[in-house]
Chemist: 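Submitted below is the structure of interest, expressed as structure tokens.
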Amino acid sequence: MKKILAILCCLALVFSLSAIPTFATETSDSNTAEVATDNSVVSRAATQGLWYRENLYFATNVTTVVTPESGSALNLWLKNSGYVKVTVYKTNALGIYSSVFSQTFSSSGERDINVVSSCNGKNYLVKFEPAMDGSVMSALLYQH
């Protein structure tokens with residue numbers, strides 16, 4: 001009787017470990033948004049994370065280069081504790097960076113900011129400046 005019970009327990013364990021997560025699939029259109037210019041739909045830009053850091057302590061400037069799709073919006077989700085200054089530069093035709101967004105967040109909190117409403121498909125340089133004694137932040141740069 002003990003052997004039959006042991007076999008049944010082993011079978012139950014095997015079947016529980018081999019369960020297929022059927023409801024974990026994602027539909028293809030759940031993360032896309034229409035990008036329109038002059039009231040006509042140009043393309044569908046996928047919402048995607050371009051750069052992400054969580055609970056990053058930094059005492060010097062942190063910079064990253066992202067390349068969102070042409071026509072999509074560049075957004076920043078920021079959760080900071082303390083002072084953080086965010087500056088975004090875009091690339092012009094000559095490859096030189098020019099500032100398009102600059103804002104200082106001196107109070108702690110969580111916020112979602114539209115940095116650039118319509119990107120040109122080229123590189124954007126994003127610079128995070130900390131307080132003198134360092135800052136902690138979680139940041140997500142994404143296109144939408």
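Only this structure's heavy atoms are used, side chains among them; waters, hydrogens and symmetry mates stay out. Keep in mind the model is a prediction, meaning the values are calculated, not measured.
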Chemist: Go through the structure and list residues passing side-chain hydrogen bond (donor to acceptor under 3.5 Å, both in side chains) with Asn92, not counting sequence neighbours.
Modeler: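 Partners of Asn92 under the side-chain hydrogen bond (donor to acceptor under 3.5 Å, both in side chains) test: none.
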
Chemist: Which pairs pass salt bridge (Lys or Arg N to Asp or Glu O under 4.0 Å) with one or both residues in residues 103-116, sequence neighbours excluded?
Modeler: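 Qualifying pairs: none.
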
Chemist: Going by side-chain hydrogen bond (donor to acceptor under 3.5 Å, both in side chains), name the residues that satisfy it together with Arg53, two or more places apart in sequence or in a different chain.
Modeler: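 Applying side-chain hydrogen bond (donor to acceptor under 3.5 Å, both in side chains) to Arg53 gives none.
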
Chemist: Do Val126 and Met137 belong together in a cluster built from hydrophobic side chains that touch within less than 4.5 Å?
Modeler: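 Result: yes, single cluster for both.
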
Chemist: Sequence neighbours excluded, which residues qualify as side-chain contact (heavy atoms from CB on, under 4.5 Å) partners of Leu11?
Modeler: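 Testing Leu11 for side-chain contact (heavy atoms from CB on, under 4.5 Å), a comparison that skips the adjacent residues, returns Ile7, Phe15.
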
Chemist: Looking at every heavy atom in both Ser118 and Gly71, which two are closest together, and how far apart are they?
Modeler: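 Nearest pair, atom of Ser118 first, then Gly71: OG-CA, 3.9 Å.
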
Chemist: Return the set of residues passing side-chain hydrogen bond (donor to acceptor under 3.5 Å, both in side chains) with Asn123 (not counting sequence neighbours), or none when no residue passes.
Modeler: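 side-chain hydrogen bond (donor to acceptor under 3.5 Å, both in side chains) list for Asn123, sorted by chain: Thr67.
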
Chemist: Which residue pairs satisfy the salt bridge (Lys or Arg N to Asp or Glu O under 4.0 Å) criterion with at least one member in residues 79-94, sequence neighbours excluded?
Modeler: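 Not a single pair qualifies under salt bridge (Lys or Arg N to Asp or Glu O under 4.0 Å).
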
Chemist: Mind jotting down which residue pairs meet the salt bridge (Lys or Arg N to Asp or Glu O under 4.0 Å) criterion with at least one end in residues 134-144? Sequence neighbours excluded, please.
Modeler: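 Matches after skipping sequence neighbours: none remain.
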
Chemist: Going by the rule side-chain contact (heavy atoms from CB on, under 4.5 Å), which residues pair with Thr63 if we only count those two or more places apart in sequence or in a different chain?
Modeler: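 In terms of side-chain contact (heavy atoms from CB on, under 4.5 Å), with neighbours along the sequence ignored, Thr63 is linked to Leu125, Lys127.
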
Chemist: Quick one: ring pair (Phe, Tyr, Trp, His ring centres under 6.0 Å) pairs with a partner in residues 51-109, sequence neighbours left out?
Modeler: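 Residue pairs passing ring pair (Phe, Tyr, Trp, His ring centres under 6.0 Å), neighbours aside: Trp51-Phe128.
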
Chemist: Just do the side chain to side chain contact (heavy atoms under 4.5 Å, CB included) check on Leu78 and Val86 with the steps written out, would you?
Modeler: CA-CA 10 Å; Leu78 179 68; Val86 179; 4.2 Å; yes

Chemist: Any non-hydrogen side-chain atom of Val88 less than 4.5 Å from a side-chain atom of Ser99?
Modeler: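 Of all side-chain heavy-atom pairs linking Ser99 with Val88, none is under 4.5 Å.
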
Chemist: Is there a side-chain contact between Ile96 and Thr91 in this structure, where contact means two heavy atoms from C-beta onward sitting under 4.5 Å apart?
Modeler: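 Ile96 vs Thr91: side chains apart.
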
Chemist: Run through Leu56, Val62, Asn80, Val84 and flag the one making a side-chain contact (heavy atoms from CB on, under 4.5 Å) with Ser135.
Modeler: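 One option only clears the test, and that one is Val84.
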
Chemist: Work out which heavy atom in Ala73 is nearest to a heavy atom in Cys119; give both atom names and the distance.
Modeler: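 Looking at all heavy atoms of both residues, the shortest contact is C-SG, 4.2 Å.
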
Chemist: Heavy-atom distance under 4.5 Å between the side chains of Pro68 and Val116, does that happen here?
Modeler: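 Sidechains of Val116 and Pro68: no contact.
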
Chemist: Sequence neighbours excluded, which residues qualify as salt bridge (charged side-chain N to carboxylate O under 4.0 Å, His left out) partners of Lys122?
Modeler: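 Lys122 satisfies salt bridge (charged side-chain N to carboxylate O under 4.0 Å, His left out) with no other residue.
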
Chemist: With distance as the sole test, does Ser108 use its side chain to make a donor-acceptor pair with the main-chain N or O of Gly82 at under 3.5 Å?
Modeler: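 Such a contact is found between Ser108 side chain and Gly82 backbone.
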
Chemist: Check side-chain hydrogen bond (donor to acceptor under 3.5 Å, both in side chains) between Asn120 and all other residues, then give those that pass, not counting sequence neighbours.
Modeler: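 Asn120: side-chain hydrogen bond (donor to acceptor under 3.5 Å, both in side chains) contacts with Tyr124.
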
Chemist: Cluster question for you: counting only ILVMFWY and a side-chain heavy-atom cut-off of under 4.5 Å, with indirect links fine, are Leu76 and Val100 together?
Modeler: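 Yes; tracing contacts between hydrophobic side chains, which count when under 4.5 Å, links both residues.
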
Chemist: Got a second to check how far Leu74's CG is from Leu50's CG, nearest 0.5 Å?
Modeler: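 Spacing of CG (Leu74) from CG (Leu50) equals 6.5 Å.
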
Chemist: Can you check whether Glu69's main-chain N or O pairs, donor with acceptor, with Gln143's side chain at less than 3.5 Å?
Modeler: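 Yes, because the side chain of Gln143 sits within donor-acceptor range (under 3.5 Å) of the backbone of Glu69.
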
Chemist: Could you list all the salt bridge (Lys or Arg N to Asp or Glu O under 4.0 Å) pairs where at least one residue sits in residues 133-144, not counting sequence neighbours?
Modeler: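 The answer is none; no pair qualifies.
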
Chemist: With side chain to side chain contact (heavy atoms under 4.5 Å, CB included) as the criterion, how do Leu141 and Thr64 come out once you've worked through the C-alpha distance, each side chain's angles and the decisive distance to 0.1 Å?
Modeler: CA-CA 10 Å; Leu141 284 164; Thr64 184; 3.9 Å; yes

